[in-house]
Number of protein chains: 2
Amino acid sequence: MSLRHALLGLLDTGPASGYDLMRTFNSTLSAVWPATQSQVYTDLNRLAEAGQIRVAAEGPRGRKSYEITAAGREELRHWLLEVAPDGYRRNDVLLRVFLLGAVSPSEAREFLRQRHAISGRHRAALEERDAGTDWDDDPLSVYGRLTLEWGKRFMTMQQEWSAWALEQLEKAPPHT
Amino acid sequence: MSLRHALLGLLDTGPASGYDLMRTFNSTLSAVWPATQSQVYTDLNRLAEAGQIRVAAEGPRGRKSYEITAAGREELRHWLLEVAPDGYRRNDVLLRVFLLGAVSPSEAREFLRQRHAISGRHRAALEERDAGTDWDDDPLSVYGRLTLEWGKRFMTMQQEWSAWALEQLEKAPPHT
DNA sequence: CTCCCACGTTCCAGTATTGACACGTCGCGG
DNA sequence: CCGCGACGTGTCAATACTGGAACGTGGGAG
């Protein structure tokens, strides 16, 4: 459902083709809302049918440059401010943790050690990306920086949590 | 894909009916991996077809008590320890933040204030749930406590982040 | 003893998402 | 001037997920 809103949001910053949008999804947005190429194109067509975007210009190899319409802006605004977010749902790492009783305590500890290491790596990668980007003061840059910071804090939290969880398990292993 | 593994994991702790599993999903597990009733029942049938669970007993009103089989335990173990988790993907709150340039700076700030408040409420609710549970030392209790702690830390992180983000916006509002 | 609610399962239509395949074209490096 | 890699779009089948409806039953409260 939200892919269409993501597309509206991107088009709100200026016209773009499906291909352009695709690339944005595969780079910046993939961590927050992944999408495949087929979905992007089908949803663009649906948005056009719904009159929320329109083909502004056709370019070289069948390229269609889309732009957002007034109705699209309306819908985007509504979704941003008035539709209650789902929030976080569906976390397959946490699901595994919950079910870790199915393996031995030492395997469970190893699992947590792995998570600790992985969170650290992700955190470092985000740190690097932050440092390697020259942030501007345009909206996408400002709000992009906020989401990146969220990611860094998230990874830090996970790292601290897994260290803590490991301690807990060493202190009081589950009684079978 | 993971729903089936969640079911296997729950059945690994003892036999249960679809109805029982449903209830577990609607209470404990809903925050980590939501599932509707129809999905639970269809996946139970598929697991049975695949020979990973089996009907252990039939009860009163057509009740089927399922138990995990050796093949099921094998699959569960494999998924837990050898399949790389997706980790965190798809966050519609963060997606909104990223696209917040579509509304006015003051509306964006209001959005963050809302998130701050909501995170606080969720955190309090988890805190309360923690205090109101008498934790045992059986696996589901031990690992359940770890996931609950993750939730608390997540909410705390979000609260701190939104306060920080708000500050950033006040300090340097996006330039249109 | 009766009624109602919780127990219990199944089916279905619609949408979302994935992954792959198919197909055509501009443009530039060699 | 030729080929190939990037540009660019579309379609399909399969699976995941949602929301709702339908249907039947046992057991305990009154």
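Numbered from 1 within each chain, the chains take letters A, B, ... in sequence-line order.
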Please state how far atom [atom1] in [X] lies from atom [atom2] in [N], giving the value in whole angstrom units.
X: B:L44; N: D:dA16; atom1: CG; atom2: P; answer: 14 Å
X: A:D92; N: D:dC17; atom1: CG; atom2: P; answer: 11 Å
X: B:D43; N: D:dT15; atom1: CG; atom2: P; answer: 12 Å
X: B:E58; N: D:dG24; atom1: CD; atom2: C1'; answer: 15 Å
X: A:N45; N: D:dG8; atom1: CG; atom2: P; answer: 16 Å
X: A:Y41; N: D:dT9; atom1: OH; atom2: P; answer: 4 Å
X: B:N26; N: D:dG19; atom1: CG; atom2: P; answer: 12 Å

request  = Inspect the surroundings of CD in B:E128 and state if more than 12 heavy atoms from other residues, nucleotides or ligands are less than 6.0 Å away.
outcome  =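 No, CD of B:E128 has 12 or fewer neighbouring heavy atoms, counting only those of other groups under 6.0 Å.
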inquiry  = Looking at A:R63 and A:D20, is any side-chain nitrogen of the basic one under 4.0 Å from a carboxylate oxygen of the acidic one?
reply    =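 Salt bridge: yes.
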task = Using a strict 4.0 Å threshold on nitrogen-to-oxygen distance, state whether A:E74 and A:R77 make a salt bridge.
result =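 The answer is no: the pair does not qualify as a salt bridge.
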inquiry  = Can you tell me how far apart CZ (B:R153) and CH2 (A:W161) are? Round to the nearest 0.5 Å.
reply    =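 Going from CZ on B:R153 over to CH2 on A:W161, the span is 9.0 Å.
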Between CZ on residue A:R54 and OG on residue A:S65, distance to nearest 0.5 Å =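 Atom-to-atom, A:R54:CZ and A:S65:OG are 12.0 Å apart.
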request  = Give every residue pair that meets the ring pair (Phe, Tyr, Trp, His ring centres under 6.0 Å) criterion with at least one member in residues 22-41 of chain B, sequence neighbours excluded.
outcome  =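 The answer is none; no pair qualifies.
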query = On DNA chain C, which is the earliest and which the latest nucleotide, 5' to 3', with an atom closer than 4.0 Å to a heavy atom of chain B?
reply =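 Answer, 5' to 3': C:dA6 to C:dT18.
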task = Between B:P60 and A:P34, name the one whose nearest nucleotide on DNA chain C is closer to the 5' end.
result =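 Counting from the 5' end, the first nearest nucleotide belongs to B:P60.
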query = Does OP1 or OP2 of D:dG10 have a side-chain N or O of A:R46 closer than 4.0 Å?
reply =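 So the side-chain polar atoms of A:R46 never come under 4.0 Å of the phosphate oxygens OP1 or OP2 of D:dG10.
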task = Ignoring backbone atoms, establish whether B:Q39 has a side-chain N or O less than 4.0 Å from OP1 or OP2 of D:dT18.
result =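 Answer is yes, contact under 4.0 Å.
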task = Apply salt bridge (Lys or Arg N to Asp or Glu O under 4.0 Å) to the pair A:E49 and A:R46, showing each step before the final yes or no.
result = CA-CA 5 Å; A:E49 270 175 48; A:R46 273 201 246 196; over 6 Å; no
task = With a 4.0 Å heavy-atom cut-off, tell me which residues in residues 3-25 of chain A come close to DNA chain C, sorted by residue number.
result =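 Output list: A:R4.
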ask   = With no hydrogens and no angle check, do the side chains of A:T42 and A:N45 hold a donor and an acceptor under 3.5 Å apart?
value =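 No pair is found: no donor N or O on one side chain lies under 3.5 Å from an acceptor on the other.
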ask   = Between B:H5 and B:W79, how do the two ring planes meet: parallel, tilted or perpendicular, split at 30° and 60°?
value =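 The rings of B:H5 and B:W79 lie parallel, inter-plane angle below 30°.
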inquiry  = Using a distance-only criterion (donor-acceptor N/O pair, under 3.5 Å, no hydrogens), is the base of D:dG19 paired with the side chain of B:S38?
reply    =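 Flag set: donor-acceptor pair detected.
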